[in-house]
Amino acid sequence: MRNLSIKEFSCDKKYIIGAIVTIICAIICGIVLYKISNINIYFVDFANDYIFFIFNFSNGKLIFPHLLSELFYLYLFFIIAYFTKLKYLTFFVLFLRGIYFSIYCAILFSLNSLGGVTVAIIVFIPASLLSVVFCCLIADTCRIINKKYVFFVPGICALINTVILLILVNVLFRVIIVIV
């Protein structure tokens with residue numbers, strides 16, 4: 001089992017604190033920018049489509065874009081953290097992602113009243129927060145994983161996040177909708 005060995009895991013506390021502060025600042029900025037983004041039809045269309053696909057359980061139209069965005073972000077975090085010594089540069093990308101996350105949450109909460117709120121609470125927020133956790137985990141731990149398998153880790157994390165989104169939509173959301 002020497003090939004799959006992982007060096008001793010030590011978490012960079014400065015990076016984790018910086019990531020949490022970055023996400024909190026991005027959420028605050030996203031809520032403030034909500035009024036400006038409400039004018040942009042792209043954000044509203046995305047939120048409408050997201051709600052529509054979840055309520056109609058259209059997995060293909062929901063999962064494929066989610067998987068592509070996860071692969072993009074996770075490999076971006078991986079490339080920045082693995083090939084450079086500027087791991088803290090990922091905070092800029094994390095900040096942009098947090099702004100978009102909070103704008104979409106605000107639109108989901110204000111759109112379609114109960115439908116938007118249930119989709120945001122049950123599906124969108126857990127999937128997005130898990131994605132942010134995977135991004136920070138990739139950026140913080142990519143240097144300690146065996147060099148032979150390190151390039152597959154972001155893809156595996158994106159696949160795990162997509163499977164969790166499928167479980168949230170097809171199991172948890174269906175059960176809650178049937179009960180309500």
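By convention here, the first residue in the shown sequence is residue 1. Keep in mind that the numbers below use all heavy atoms, side chains included, and drop hydrogens, waters and symmetry copies.
- Within the 3.5 Å criterion, the main-chain N or O of F151 finds a donor-acceptor partner in the side chain of Y75.
- Screening V163, L68, L166, V169 against I63 for a side chain to side chain contact (heavy atoms under 4.5 Å, CB included) leaves a single residue, L166.
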Q) side-chain contact (heavy atoms from CB on, under 4.5 Å) between I80 and K87: does it pass, once the steps are laid out? A) CA-CA 6 Å; I80 291 172; K87 165 172 75 169; over 6 Å; no
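- Of the residues P154, C157, C135, the one that meets the side chain to side chain contact (heavy atoms under 4.5 Å, CB included) test with F77 is C135.
- Considering NE2 of H66 and CG of L71, their distance stands at 9.5 Å, rounded to 0.5 Å.
- For the pair T84 (side chain) and A81 (backbone), a donor-acceptor distance under 3.5 Å is absent.
- Expressed to the nearest 0.5 Å, how far CG of L172 lies from CD1 of I164 amounts to 12.0 Å.
- Here the CG-CZ distance, from L67 to F64, works out to 7.5 Å after rounding to the nearest 0.5 Å.
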Q: Take F92 and T22, measure what side-chain contact (heavy atoms from CB on, under 4.5 Å) needs, and give me the verdict at the end.
A: CA-CA 8 Å; F92 177 70; T22 303; over 6 Å; no
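- The distance from the CZ atom of F95 to the CZ atom of F91 is 12.5 Å, given to the nearest 0.5 Å.
- Side-chain atoms of S128 never come within 3.5 Å of backbone atoms of I125 as a donor-acceptor pair (strictly under, hydrogens ignored).
- We find the OG1-CD1 distance between T162 and I167 to be 11.0 Å, quoted to the nearest 0.5 Å.
- Ring pair F124/F101 is parallel by interplanar angle, where below 30° counts as parallel and above 60° as perpendicular.
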